[in-house]
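Remember, it's 1-based here, ligands and their atoms both numbered in the order they're listed. By convention here, the first residue in the shown sequence is residue 1.
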Amino acid sequence: MLWSASTISAVSSDTEPTVVVQFDAGKYIFNAGENTGRAWLQGRSKWAKAKGIFLTQNGTQRGSGLAGLTMFLADAGVKSLDVVGPEGVSHFLASMRTYLWRGGINVKVAEAQATLTETEKAKPTPIFKDSKVNIYAIPLFASSSETSAQNSGVNVGEKRKRDASPDSTTKRPHTERGGTDGSNLTSRIASPDFTPLALTGEHAVEWRKLTVENMFPATTAPPPPTTDPSTKQKKKGKNKAADPDTKAVAATPTPAPAPEEPQKHLGRKDVLAHRDRLLPPFQSSVSRPSLGYVVVGPAVRGKFDVAKANELGVPKGPIRGKLTAGQDVTFEVDDGNGGKVQKTVHPHQVVGPSDPPHVVMILDVPSVDHIPSLVSAFNDSPFYSSLRSQNETHQKEHVVHAVFHILGNDVLENKTYRSFMDGFSTTTHHIVSSRQHAPDPATFTSAAVNQLSLGQLDSQMFPPHHYRLESLNVVSGASSLPSNVHPFRTGLVVDVRPARAPALDEAIAKYDRFHPVAAGDTALVIPEDVKKAFEEAQAVATGLPVKLLDSPSATENALVIPLGTSSALPSKYRNVSSTFIQRQEGNILLDCGEGTWGQLCRAFGRDDTSGGVWEVLRNLKCIYISHIHGDHHIGLAKVLAMRKQLSPPPQHPLYLVGTRPVHLYIREQSDIEDLGVDDPSGNGVVSILSDSLNFRGPETQRYSRVQQRDREEWMGHSRSVALKRQLCAALGLKNFTTVDVDHRTRCYGLVLDYPDGGRIVFSGDTQPTPNLVKAGQNATLLIHEATMGDDQEELAAQKAHSTIGQALAIGKEMNARNIMLTHFSARYPKMPPAVLQMNDADPNTTIVLAFDHAQVRIADMPKLKAYLPALEKFFGDVASVEEDAEEAAVIEVDTGVPHAG
Ligand SMILES: [Zn+2]
């Protein structure tokens, strides 16, 4: 039974620690911070055998990648997935309901208890169990409530609680069924003034459970036929019907209705009708919940000694199997005198000693305030204390081979924690992650080395990614740490059985062309013909009329940095959607796909405590989310969470402009983690509905007015209209107008008008629409999606996207001076086809392509245009050196079912 634990990503500017425990038959993923999916793609691992995702914490730090990873796994053919996490993980998952769904996957959710009960201490039960592993969850929490409440915002639930019914309590009452008022959920839903917000107790738990089942309809059997056959399966939702072959359907039946209730199935229809309303509020019962996981592998039976068995006369056949299974056997043998005699053989006579189960732990200790709960869990439970023991008898029962420590600030320096580590067997390996003590190497090395090469073309436009090879802080008293301490690095493989010391996966180094150059070990190699193309392009750029570049208007002086230019899925050189616009008056993010924060960090650096990315974040005044497709907004919560860490806090609000589901998801995730929503200072997140700022041109097609539900002072139409003036003042804008575009879901483009007459237009995701042409006339810059090549017009229409040609036609009709194409299909990981000719055809318009991390003033777009032939040469030559399994992996999961967008 071979198994191992490896690290998919380590703490860095763009990733958080993720560990995967793997057997031939299954993989168990511990944590899904941002970019887990992208890091996994880069690591060339296979997806299909994932069994579960285990979060040590809910929220962005450990779970921002959960939605993306779940969709990756579903699209890679995973049929059944367990999602395990601390109290609140159902709420966390349910908050993703408007953008995370898959028809063919059965997702079961397990929430760990908030504290260890006496029963659990005496005899822990696994939170997950299959034929290979037993996984136990150890609840941890911050013991000093003053500091923790400040840091974590666990009390934000209070804000939403006031909307709930008065019987709301923080502790979940454990009634068998029914809410705290004794009514049943079915009849409450039928009531005309029903609102999920008022649900408490078991009803709230049930509501979240139903919500998650709705996201993954294969999780439950389809609802039984209702009395009215016309309502059966009539819903024309995006969700495919449950796969009838999914065996797991039987594994998680919907709870049987109470006997006295009518036989009405509470299901998809009931929940879907309320999908656009806030979930019941959630509040954790402990401060800053976190988990430790104990993964216990199988015991391996000793070897059956055939020669010995023959010698003892044990007959061949099933009787030998009994011995292997540990049973005594009795059989007849000749007594030497022609008679028979009974003979008994014990297993130990023919079976070698068995090998005890090997164990791996993943401990997440976010702060020194969590140490007491960890120490007492190990002291109070005989089982856990036997795992942390130098007693030989204990070590014969379990072999704790590796402990992954994911540590917050100051934990590694803490004396109590050091002695906790010392308590393990001397043969246990400790793999330690501590941001304070970690270097910050590049994560996406292919993209990083490309940027280095492109720096030779234009070092201002393509500055190197920020990275750091050394740690900022040295571990104090490193010599007093246990001898088997290893830094938690990406690509570490720890073989658990057979047990070996941690070692770096050689493939990581093999495909890494960045760090040898960064460390000065090898020179950056650029082929001669590419160098020549660079020189030619530079000559063209130098020949451009000086005035064009050197006396820009204020609008033209805006810096545009595409942070993610891929549609649906990240690829090797392109992350998912986001464009950053930097102006002195205030910065704007246009969409915010997963990993946007990391991309910002790589662009500006996060080592300075006040400069770099922190300064950029401080001056971020608006995030615009065009629509609720995962590749456009999943990174939003992470950016908001990081903004909360600014010290001192910003002195102005952050305007979040988006559709209703965007605001719902942020508000619901705020129950888990403080994202700055409803900040009493007034400088937190201010929600504005895109729908309320839309363009009213003649004969423009418009979406119907969005329905406001419940009592939502925070998101009314008139409030949004009123806030527009403040938003414009904050950003130095004359006008901020959203445009109804044409996509598979409600989606808005954006027109930004500046006092100098400049205009920036952003398409969002759309097929060609006259609305955008009308609203964006004479744009200084049009940023338009161009998902498909011109040969895929049909597919583009089917998915409500634009082709390159269509996007350019819109730009021409709009009379746009500069057009930047972005949002390319994973089919074009490097450069989409045939743009160069189009540029030649129209010298009055500057057509450029968006590249991740290019930093381009609008005034410099002609320069970028001049570079395009060189870039084409570069991506054709240099980047093709990298043709390897990575791209195969991208194509493998791009099964035609879009990841999101
Ligand atoms: Zn989309």
Side-chain angles (χ1 to χ4, degrees), residues 37 67-68 70-72 74-75 96-102 215 237-239 276 562-571 574-579 589-596 623-636 657-665 690-691 694 701 703 706 738-750 761-769 771-772 783-789 792-804 806-807 810 820-828 832 850 893-901:
T70 305
M71 290 189 272
F72 269 135
D75 294 347
M96 304 172 191
R97 68 193 171 286
T98 51
Y99 55 92
L100 170 58
W101 49 269
R102 279 296 183 265
M215 295 156 69
K238 287 182 264 184
N239 296 336
D276 63 342
L563 296 172
T565 57
S566 179
S567 78
L569 292 164
S571 59
R574 298 185 185 275
N575 197 40
V576 285
S577 292
S578 184
T579 307
L589 269 176
L590 303 175
D591 283 335
C592 206
E594 179 182 343
T596 296
I623 302 182
Y624 179 73
I625 304 291
S626 61
H627 66 303
I628 192 90
H629 274 166
D631 56 332
H632 292 258
H633 78 275
I634 283 178
L636 171 60
V657 185
T659 53
R660 179 175 172 83
V662 173
H663 297 295
L664 286 182
Y665 122 85
S690 319
D691 314 62
N694 63 348
Q701 288 179 354
Y703 292 117
V706 70
T738 62
V739 186
D740 306 45
V741 296
D742 192 359
H743 194 42
R744 283 175 300 137
T745 186
R746 184 181 288 257
C747 179
Y748 290 93
L750 176 64
V761 181
F762 170 53
S763 70
D765 273 11
T766 185
Q767 36 192 340
T769 166
N771 282 7
L772 197 67
I783 301 168
H784 202 290
E785 73 125 292
T787 311
M788 309 281 176
Q792 289 186 306
E793 208 159 299
E794 207 172 311
L795 186 63
Q798 205 183 323
K799 299 191 169 185
H801 283 302
S802 300
T803 65
I804 289 169
Q806 288 169 340
I810 291 288
M820 177 180 260
L821 301 179
T822 186
H823 198 266
F824 305 113
S825 155
R827 288 173 187 82
Y828 315 116
V893 295
D894 187 17
T895 51
V897 182
H899 173 216

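Checked against S690 for a side chain to side chain contact (heavy atoms under 4.5 Å, CB included), the options T738, V739, V662 give a single hit: T738.
Taking the Zn ion (ligand 1) as reference, D765 places its N/O/S atom OD2 nearest. If you look at H629 and ask which of its N, O or S atoms sits nearest the Zn ion (ligand 1), the answer is ND1.
Considering the Zn ion (ligand 1) as centre, the angle to NE2 of H627 and to NE2 of H743 is 100° (10° rounding).
Closest approach of D631 to S567, counting heavy atoms only: OD2-C, 3.8 Å.
Ring to ring, H743 and H629 are close: their centroids are under 6.0 angstrom apart.
The side-chain hydrogen bond (donor to acceptor under 3.5 Å, both in side chains) test applied to Q767 returns no partner, not counting sequence neighbours.
The Zn ion (ligand 1) has no N, O or S atom of C747 inside 2.8 Å of it.
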